[in-house]
Number of protein chains: 2
Amino acid sequence: MLRSREDAIVASVNRLLAEKGFEAMTMDEVAADVGIAKASLYKHFASKEQLAAEAMIRVLDRALEVTETLQREERLGDLDRLKAVTRWALETQLAGEMPSLPAQDSALRSTLMSHNGYLDRLMRLSDRLGLWITGAQESGALNARLPAEVVLYTLFARACDPVLSLLKIGGNYSDAQIVDTLISTCFDGLTG
Amino acid sequence: MLRSREDAIVASVNRLLAEKGFEAMTMDEVAADVGIAKASLYKHFASKEQLAAEAMIRVLDRALEVTETLQREERLGDLDRLKAVTRWALETQLAGEMPSLPAQDSALRSTLMSHNGYLDRLMRLSDRLGLWITGAQESGALNARLPAEVVLYTLFARACDPVLSLLKIGGNYSDAQIVDTLISTCFDGLTG
DNA sequence: GTCTATAAGAGGATAGAC
DNA sequence: GTCTATCCTCTTATAGAC
């Protein structure tokens with residue numbers, strides 16, 4: 001019961017973070033969205049930063065599940081796997097479930113960087129993606145002149161790319177078209 | 001004299017916006033950075049949002065100058081021009097002079113969307129880039145299956161791409177390497 | 001136009017009863 | 001663990017003297 005209440009809180013936080021970002025999200029909104037008093041939030045989580053960290057952990061866990069499933073698909077090449085996990089991230093963003101954190105907020109960053117649960121998951125995910133990246137580079141499917149670090153950062157950034165929300169707001173394309181287009185521009189570039 | 005004072009204010013705002021973003025920048029910091037009292041700021045500019053709009057206008061004016069210079073270079077193709085203006089944007093970001101605004105803040109967005117000076121410049125820039133985009137697509141230099149809107153949004157987004165600051169923080173690459181790499185991933189993709 | 005001082009309000013976090 | 005009520009700090013913006 002406590003667990004499901006906390007799940008509900010984190011689910012609300014996740015959605016609000018995706019919708020408005022960390023700074024614009026207020027603890028009053030979270031409490032109202034969950035349907036409890038603000039003070040009760042603090043019985044479950046120590047701070048707004050901790051709440052954001054829990055939401056990120058939830059997303060990282062889902063990403064790790066996705067990568068594990070893709071790893072088991074033996075008919076897939078490493079480039080296919082990278083595209084598939086990118087597709088999952090774009091679809092998650094499209095569904096309004098990809099929390100967006102500020103790139104440089106100091107208070108939040110220091111909380112995240114000292115949060116072992118978060119760091120552990122982030123490193124496990126980075127390691128797995130790193131293996132796919134070097135694998136795809138060795139097979140020639142990915143540009144081998146790009147440092148693996150650049151590829152990794154690019155994929156993480158594309159998972160939160162504001163281009164998706166601009167296209168969504170424009171309303172001229174279906175969700176599937178948006179995802180396909182962004183996969184194409186990310187991997188094949190604008191020159192195609 | 002009034003003009004140069006206001007120039008100094010906007011220059012500080014521009015730098016602070018690039019460094020910390022709109023929400024993290026405070027009017028106290030701006031006043032301290034310029035070296036005047038906070039109340040004096042409000043004799044020049046009505047609000048924090050107006051200040052951000054002025055900083056954006058300054059950047060858009062510089063972008064328009066860059067595009068005009070590139071338009072006059074007759075030996076360049078449209079794709080070369082698009083790459084050159086993207087390069088300028090990345091170098092501006094590297095120099096800590098590209099203001100970063102939140103993608104979805106409502107108060108700021110409504111100020112910007114009702115600011116004629118801002119809107120006018122944004123549309124003039126978009127129009128010019130739009131001509132280059134369709135030109136490059138017609139000559140086959142740019143993927144003609146991509147809607148011009150997608151290309152335009154992608155270029156705007158890459159001008160503020162967080163990947164640049166991640167690579168800069170990492171410290172493993174020179175500024176020139178970072179810019180070349182991001183131009184490459186943007187136009188040629190990760191597959192190369 | 002610049003300053004000091006302060007209003008006004010938002011938002012994170014807590015006290016203390018139940 | 002939940003609530004109401006409140007604290008406290010930060011930040012935007014303004015008042016009013018010079």
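Residue numbers start from 1 in every chain, and the chains themselves are labelled A, B, ... in the order their sequence lines are given, proteins ahead of strands.
- Contact check on Lys20(B) versus Asp105(A) returns no salt bridge, with no Lys/Arg side-chain nitrogen under 4.0 Å from an Asp/Glu carboxylate oxygen.
- Once rounded to the nearest 0.5 Å, the distance linking CD1 of Ile57(A) with CZ of Arg121(A) reads 4.5 Å.
- Listed by chain and residue number, nothing satisfies the salt bridge (charged side-chain N to carboxylate O under 4.0 Å, His left out) test with Arg109(B) (two or more places apart in sequence, or in another chain).
- A salt bridge is defined here as a Lys NZ or Arg NE, NH1 or NH2 lying under 4.0 Å from an Asp or Glu carboxylate O, and Arg75(A) with Asp80(A) fails to meet this definition.
- Glu138(A) is linked by a salt bridge (charged side-chain N to carboxylate O under 4.0 Å, His left out) to nothing, counting only residues two or more places apart in sequence or in another chain.
- There is no side-chain donor-acceptor pair under 3.5 Å between Tyr118(A) and Glu54(A).
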Would you be so kind as to tabulate the donor-acceptor pairs closer than 3.5 Å made by side chains of residues 91-102 of chain B, with sequence neighbours excluded?
| unit_1 | atom_1 | unit_2 | atom_2 | d |
| --- | --- | --- | --- | --- |
| Thr92(B) | OG1 | Trp88(B) | O | 2.8 |
| Thr92(B) | OG1 | Trp88(B) | NE1 | 3.4 |
| Gln93(B) | NE2 | Asp161(B) | O | 3.3 |
| Glu97(B) | OE1 | Arg62(B) | NH2 | 3.4 |

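- Residues from residues 8-37 of chain A that place a heavy atom under 4.0 Å from any atom of DNA chain D, listed by number: Ile36(A), Ala37(A).
- Here the P atom of nucleotide dT11(D) and the NZ atom of Lys38(B) are 9 Å apart, to the nearest Å.
- In summary, contact between chain A and DNA chain C, defined as any nucleotide atom under 4.0 Å from a heavy atom of the protein, begins and ends at dG11(C) to dA15(C) in the 5' to 3' direction.
- Of the inter-residue distances, the one linking Leu17(B) atom CG with Glu19(B) atom CD reads 10.5 Å to the nearest 0.5 angstrom.
- To the nearest 0.5 Å, the span separating CG on Asp78(A) from CD on Gln71(A) amounts to 7.5 Å.
- Annotation: proximity of residues 39-49 of chain B to DNA chain C (heavy atom, distance under 4.0 Å) is found for Ala39(B), Ser40(B), Lys43(B), His44(B), numbered in ascending order.
- Looking at Met56(A) and Asn14(A), their side chains never come closer than 4.5 Å, going by heavy atoms from C-beta outward.
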